[in-house]
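Below is one structure, written out as structure tokens; the observations come after it.
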Amino acid sequence: MEFAEVVRRRRMVRSYTDAPVDREIVDRALANATRAPSAGFSQGWGFLVLDTPDDVRRYWAATTDGADEPDTWLRGMRRAPVVIVPCSSKTAYLSRYAEPDKGWTDRDESRWPVPFWHMDAAMASLLILQTAVDEGLGACFFGIPPDRIAAFKAEFGVPEEYTPIGAITVGHRIEDTGPDGSVARGRRPAEEVVHRGGW
Ligand SMILES: Cc1cc2nc3c(=O)[nH]c(=O)nc-3n(C[C@H](O)[C@H](O)[C@H](O)COP(=O)(O)O)c2cc1C
């Protein structure tokens, strides 16, 4: 698919068929993720891949309240055969920037204009979303509730220094489930958000 087409077609997909996803596609998405830029080439990311029915079930059990009556969002998302959890390590960035070529040996976090560790994992996440579109699949990036993060990390043995920045479902999309609440807001046009030569 043309790059412009991938960009134009990408939408968060929240409802999936039961069809499995080829392992090679997931591997391609992850390989593309590792092509993302990273501050100081730190690459302080890690991607937890859950691609068996049992692992996916464990994901949802750890991150939701297990209600008997899941809402439409959860029913649709839970059918996705693959969940990828991009994680970031602040420690990796503080250590990388303490190296001689950077020299931030005090590891002072106030040196960082924004948390580059999360940014880099987010850039990698977009490449996963775009790869899914390129392969004719759907994907959705979504947040993990803060009060579920400890349970999620314990369930999957995620090392202490890694923080999940969210999660990504991947699967075969159910066509045309209509726009969700946020999309109804409409896309802000470039003229409104671009400030050329001054704000
Ligand atoms: C950081 C981030 C967090 C998001 N969290 C959620 C979420 O928790 N649940 C959800 O359904 N969608 C989530 N989304 C998807 C947005 O709602 C979606 O990107 C937005 O409405 C624009 O729609 P589009 O991506 O389909 O163009 C998130 C997107 C981003 C970038």
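Just follow the structure's listing: the first ligand is 1, and inside any ligand the first atom is 1.
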Check each of H118, R14, M12 against atom 10 (C) of ligand 1 and report the one with the nearest heavy atom.
R14
Out of G143, A167, C140, S125, who gets a non-hydrogen atom closest to atom 8 (O) of ligand 1?
G143
Anything under 30° is parallel, anything over 60° is perpendicular, the rest tilted; go ahead and classify W112 against Y93.
perpendicular
In terms of relative ring orientation, are W199 and H195 parallel, tilted or perpendicular, with 30° and 60° separating the classes?
parallel
Ligand 1 versus R185: contacting region, heavy-atom distance under 4.0 Å:
neither
One finds that the ligand 1 atoms under 4.0 Å from a non-hydrogen atom of R11 are 26 (O), 27 (O)
Subset of ligand 1 atoms that lie under 4.0 Å from at least one heavy atom of S182
21 (O)
Ligand 1 to F142 polar contact by distance, N or O atoms, under 3.5 Å
no
Looking at [Y] and [X], is there a salt bridge between them, counting it only when a charged N and a carboxylate O are closer than 4.0 Å?
X	Y	result
R111	D106	yes
D101	R96	yes
E161	K90	no
R23	D27	yes

Answer with yes or no whether R187 contacts ligand 1, where contact means a heavy atom under 4.0 Å from a ligand atom.
yes
